[in-house]
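Notes to accompany the following structure.
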Protein chains: 2
Amino acid sequence: MNYNYDQEDKVLVAVDCIIFGFDGDELKLLLVKRELQPEKGKWSLMGGFLKKEETLDEAANRVLYTLTGLDDVYMEQLYGFSKIDRDPVERTISVAYYALINIDEHNSKQSDKYSAQWFSISDIPQLIFDHGEMLEKALRRLRRRTSTDPVGFELLPKKFTMRQLQTLYEVILDEELDKRNFQKKIKQLDVLVKLNEKDMSSSRKGSFLYEFDKEKYEKKISDGFTFKV
Amino acid sequence: MNYNYDQEDKVLVAVDCIIFGFDGDELKLLLVKRELQPEKGKWSLMGGFLKKEETLDEAANRVLYTLTGLDDVYMEQLYGFSKIDRDPVERTISVAYYALINIDEHNSKQSDKYSAQWFSISDIPQLIFDHGEMLEKALRRLRRRTSTDPVGFELLPKKFTMRQLQTLYEVILDEELDKRNFQKKIKQLDVLVKLNEKDMSSSRKGSFLYEFDKEKYEKKISDGFTFKV
DNA sequence: TCAAAAGTGTTCACCGTACACCCATGG
DNA sequence: CCATGGGTGTACGGTGAACACTTTTGA
């Protein structure tokens with residue numbers, strides 16, 4: 001029996017980030033143009049290698065921060081991808097993460113050091129390696145999450161209208177929802193604060209703005225409440 | 001820009017298997033006694049290191065096969081664990097898998113080369129490293145799966161009674177279920193075959209045996225059916 | 001005054017849940 | 001004949017889904 005692991009193989013471990021945003025109209029994905037061979041010039045998820053002295057979560061946050069300047073963002077580990085030749089350069093396994101970010105907040109910080117670009121989810125270019133597969137999985141997970149946790153709010157600005165929220169759910173779930181049923185359900189959740197303030201940009205009448213009440217939400221969760229949106 | 005990854009860190013990647021079984025009465029976990037320092041003699045999930053030329057799934061199946069002699073088993077990747085000092089010997093990340101096996105089939109093959117032992121889920125000894133955390137996560141995942149996919153059948157022998165099936169669900173979900181409602185729900189799923197055969201071991205009257213009809217299940221799934229048990 | 005989006009309730013079908021009694025048999 | 005587990009049906013409440021009209025106001 002060995003008392004160390006000297007004879008074991010070591011491998012490169014990457015993290016790749018599936019970064020979702022919402023522009024009020026469509027679900028978006030942030031991609032970067034790959035700067036090195038092979039597949040140079042193709043679109044890719046933003047990724048990086050795990051360093052010896054950091055956890056996967058830290059690596060994923062570092063990658064996200066490097067690209068967007070954002071931290072304190074909703075992020076969740078998705079899956080470990082490990083096909084032998086997934087990266088033709090060298091054996092690399094990749095742990096994918098997906099992140100939900102507020103697209104406006106991001107745009108105010110974005111540099112295009114990495115030639116990053118937002119793509120509509122319905123119009124994604126071909127991605128390198130197994131990144132397409134990662135995206136698929138992230139989308140499925142996001143859809144599932146959406147109907148058990150109010151993750152949608154992560155994608156919206158602080159103040160938003162019911163219509164924006166509904167549109168967001170519609171693009172995530174890829175189906176149309178009934179306005180009345182949607183509002184009923186959301187209001188039942190009782191985690192929104194209706195502000196005394198209207199957004200006048202979308203109609204003459206104007207629509208009330210809401211805020212997500214995170215504290216109330218946390219409290220409900222800790223009281224054993226489970227959300228089903 | 002680099003054209004290779006020479007400057008990147010490589011790390012040890014382990015897989016650890018959370019192996020569930022069911023003895024007709026309780027949910028069980030298969031553990032091994034750790035044979036090397038540190039924490040020698042303590043109980044541990046069965047694990048192994050990812051080799052250069054295999055995928056994570058392959059590694060997990062290899063580990064499972066090595067311990068149990070079983071392959072073709074329900075197995076699912078769970079999560080990547082990566083705390084810096086999770087393994088005190090050396091920096092190692094571990095991708096956990098959980099498996100559902102038929103405990104009888106296993107017992108007929110078991111050698112105790114690895115001092116493996118089944119433990120009731122309600123009476124698990126302290127585990128090494130972060131294996132306790134892995135188990136927690138696996139249990140949560142199993143509970144969720146149980147109510148969206150008929151995974152339970154993986155844990156039962158080919159022929160089983162309704163009572164066994166119900167008990168299994170009860171121990172997984174950790175709550176009592178109503179016999180009538182349970183049978184109604186299960187029968188609605190329409191993936192069981194009632195056999196012309198009774199199990200006489202549990203009562204004088206005897207109870208009918210059922211088989212899971214995997215083909216029917218696959219067909220339903222591919223027709224877009226979603227299960228909610 | 002009209003166009004365009006906001007806001008709002010009711011009905012119905014279905015599903016989950018609670019609940020109790022008879023059946024068959026071996027001892 | 002009786003003790004034990006097996007097997008079955010109904011009633012009710014809650015939830016999800018369908019559905020249409022009025023309000024506001026800037027142009």
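What you see below is based on every heavy atom in this structure, not just the backbone, and it leaves out hydrogens, waters and symmetry mates.
Residues satisfying the side chain to side chain contact (heavy atoms under 4.5 Å, CB included) criterion with B:Lys184, sequence neighbours excluded, are B:Asn181. Every residue two or more places apart in sequence or in another chain was checked for a ring-ring contact (aromatic ring centres under 6.0 Å, His included) with B:Tyr98, and none qualifies. Under the ring-ring contact (aromatic ring centres under 6.0 Å, His included) criterion, A:Phe160 pairs with A:Phe153, not counting sequence neighbours. With sequence neighbours excluded, the residues satisfying ring-ring contact (aromatic ring centres under 6.0 Å, His included) with A:Phe227 are A:Tyr217, A:Phe225. In terms of the ring-ring contact (aromatic ring centres under 6.0 Å, His included) criterion, residue partners of A:Tyr79 (sequence neighbours excluded) are, by chain and number, A:Phe81.
Across the protein-nucleic acid pair, B:Phe208 atom CZ and C:dA24 atom C1' stand 11 Å apart, rounded to whole Å. We find that CD1 of A:Ile186 is positioned 16 Å from C1' of C:dG7, with the value rounded to whole Å. Between the CG atom of B:Leu192 and the P atom of D:dG7 there is a distance of 13 Å, rounded to whole Å. Taking atom NZ of residue A:Lys187 and atom P of nucleotide C:dG7, one finds them 7 Å apart after rounding to whole Å. The CD atom of B:Gln188 sits 14 Å away from the P atom of D:dG9 (whole-angstrom rounding).
Under the salt bridge (Lys or Arg N to Asp or Glu O under 4.0 Å) criterion, the residue pairs touching residues 124-135 of chain B are B:Lys83-B:Glu133, B:Arg86-B:Asp130, with sequence neighbours excluded. Under the salt bridge (Lys or Arg N to Asp or Glu O under 4.0 Å) criterion, the residue pairs touching residues 67-82 of chain B are B:Glu76-B:Arg141, B:Glu76-B:Arg145, with sequence neighbours excluded. Residue pairs meeting the salt bridge (Lys or Arg N to Asp or Glu O under 4.0 Å) criterion with at least one member in residues 202-212 of chain A: none, sequence neighbours excluded.
Stacking of B:Lys194 on the aromatic ring of B:Phe208 is recorded, both the 6.0 Å distance cut-off and the 45° axial limit being met.
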Identify each atom pair where a protein N or O and an N or O of nucleotides 12-14 of chain D are less than 3.5 Å apart, giving names and distance.
none

List, one per line, each side-chain donor-acceptor pair under 3.5 Å for residues 17-29 of chain A, sequence neighbours excluded.
unit_1, atom_1, unit_2, atom_2, d
A:Asp23, OD1, A:Asp25, N, 2.8
A:Asp23, OD1, A:Glu26, N, 2.6
A:Glu26, OE1, A:Ser120, OG, 2.7

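Taking the six-membered ring for Trp, B:His131 and B:Trp43 have ring centres at least 6.0 Å apart.
Within residues 159-176 of chain B, no residue places a heavy atom under 4.0 Å from DNA chain C.
If you find the closest nucleotide of DNA chain C to A:Ser203 and to A:Gln183, the one lying nearer the 5' end belongs to A:Ser203.
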* Asked: Could you run down nucleotides 18-27 of chain D 5' to 3' and tag each one B, S or - for protein heavy-atom contact under 4.0 Å?
  -> BBB--BBBBS
